[in-house]
Amino acid sequence: MRVVAVIAAAGSGTRLGAPGPKALVDLAGEPLIVHAVRAMRDSEVVDAVVVTAPHQQVPDFVSVLRGHGMLGGLAMPVSVVPGGVTRQASVRAGLDAAGSSDFVLIHDAARPLTPASLIRRVVAALQAGHRAVVPALPVTDTIKRVGARAKDGTEPIAGTLDRTALRAMQTPQGFALDAIRHAHHVFAASGQEETTAAPDDAYLAEAAGIDVVVVPGDQRALKITRPFDLLLAEFLANQDAADGAADVFGLGERS
Ligand code: C5P
């Protein structure tokens with residue numbers, strides 16, 4: 001069964017304090033997008049990759065990927081297309097360029113250390129018959145809802161959620177390609193503004209009435225948003241590179 005991956009990489013590096021696109025920020029000597037494409041290749045279950053880049057920077061992404069051996073000459077073809085104004089719009093552009101396939105993995109370039117084992121876990125659940133699969137982790141913090149911020153800057157607690165029933169979503173999220181493409185087309189209008197765009201692709205699948213299931217996520221698939229995340233990822237990447245490094249942090253199996 002054919003699997004394509006769409007990697008959303010058209011975001012800015014604003015929250016990271018980066019001058020250019022976040023996906024071109026360096027992590028352990030290579031841009032985030034290079035790590036993300038390599039993870040797909042290393043999983044050995046992905047047949048082709050579509051990367052969405054900021055409109056003006058498509059040629060930059062092509063040359064960065066080519067320069068790091070991730071475009072051209074791979075058994076897995078990689079293409080770069082312009083993204084959109086929101087992540088949802090970018091993913092839609094990627095889906096439109098993905099050709100025909102049984103399954104699609106929709107992934108964030110901002111999760112560069114996603115292990116191959118996690119990618120394979122999502123694909124295995126698709127192959128087992130699920131049409132929408134999300135990797136997720138249990139929530140360790142207590143999560144409360146808050147009300148409107150008061151003049152003194154404090155926020156009143158409005159309720160406490162049952163932590164045992166909560167999961168934090170990661171990517172890649174896997175789908176039957178035709179089903180998620182249809183959902184993206186139906187909800188395309190709301191994807192044109194950040195305030196109405198979907199927080200993830202599973203949200204659109206849910207809204208389209210598709211059953212979504214969770215498989216175990218992996219802490220190494222952390223999303224790089226702020227400078228602290230990049231520091232942590234740098235540490236983990238170096239840890240991974242260390243010869244014969246033991247899993248001293250209990251982050252899961254190495255592969
Ligand atoms: O901003 P955030 O980290 O939540 O974005 C998640 C992913 O979506 C990132 O990999 C980013 O590059 C991508 N994105 C995109 N197009 C946008 C905004 C974000 O592809 N317009």
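Ligands are counted one by one from 1 in listed order, and the atoms in each one are counted from 1 as well. In this text, all values refer to a predicted model and were calculated from it rather than measured experimentally. Just so you know, residue 1 is the first one in the sequence shown, and it goes up from there. All values below come from the heavy atoms of this structure, side chains included, with hydrogens, waters and symmetry mates left out.
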Just by modelled atom types, is the D108 backbone N or O under 3.5 Å from a matching donor or acceptor in the T171 side chain?
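Checked: pair present.
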Just by distance, do the side chain of N238 and the backbone of F235 share a donor-acceptor pair under 3.5 Å?
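Flag not set: sc N238 to bb F235 has no pair under 3.5 Å.
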Check: [Y] and [X] side chains under 4.5 Å, non-hydrogen atoms:
{"X": "T154", "Y": "R149", "answer": "no"}
{"X": "V62", "Y": "P59", "answer": "no"}
{"X": "V4", "Y": "D47", "answer": "no"}

If we set the cut-off at 4.0 Å for heavy atoms, which region of [X] has an atom near ligand 1: side chain, backbone, both, or neither?
{"X": "R111", "answer": "neither"}
{"X": "T86", "answer": "backbone"}
{"X": "V85", "answer": "backbone"}
{"X": "S90", "answer": "side chain"}

Within the 3.5 Å criterion, strictly below it, is a donor on D218 or Q170 matched to an acceptor on the partner's side chain?
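No, no side-chain donor-acceptor pair sits under 3.5 Å.
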Assess the side chains of D96 and H184: does a donor N or O sit below 3.5 Å from an acceptor N or O?
no
Do K22 and ligand 1 have an N or O pair less than 3.5 Å apart?
yes
Ignoring angles and geometry beyond distance, decide whether G84 reaches within less than 3.5 Å of ligand 1 through its nitrogen or oxygen atoms.
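Indeed, backbone or side chain, G84 has an N or O that close.
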Can G83 be said to touch ligand 1, with heavy atoms closer than 4.0 Å?
no
Just to check, does T225 reach to within less than 4.0 Å of ligand 1 when the distance is taken from its heavy atoms?
no
Could you tell me the residue and atom name of the protein heavy atom closest to [atom], and the distance to it rounded to 0.1 Å?
{"atom": "atom 1 (O) of ligand 1", "value": "R15 NH2, 2.9 Å"}
{"atom": "atom 11 (C) of ligand 1", "value": "G11 N, 3.6 Å"}
{"atom": "atom 20 (O) of ligand 1", "value": "A10 N, 2.9 Å"}
{"atom": "atom 10 (O) of ligand 1", "value": "A8 O, 2.7 Å"}
{"atom": "atom 7 (C) of ligand 1", "value": "D108 OD1, 3.4 Å"}

Within the protein, is there a heavy atom lying under 4.0 Å from atom 3 (O) of ligand 1?
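It does; a protein heavy atom is within 4.0 Å.
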Apply side chain to side chain contact (heavy atoms under 4.5 Å, CB included) to the pair Q173 and D200, showing each step before the final yes or no.
CA-CA 9 Å; Q173 299 187 344; D200 68 355; 2.9 Å; yes
Looking at R87, R92, H107, which hits side chain to side chain donor-acceptor pair (under 3.5 Å) with D201?
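The option that passes is R87.
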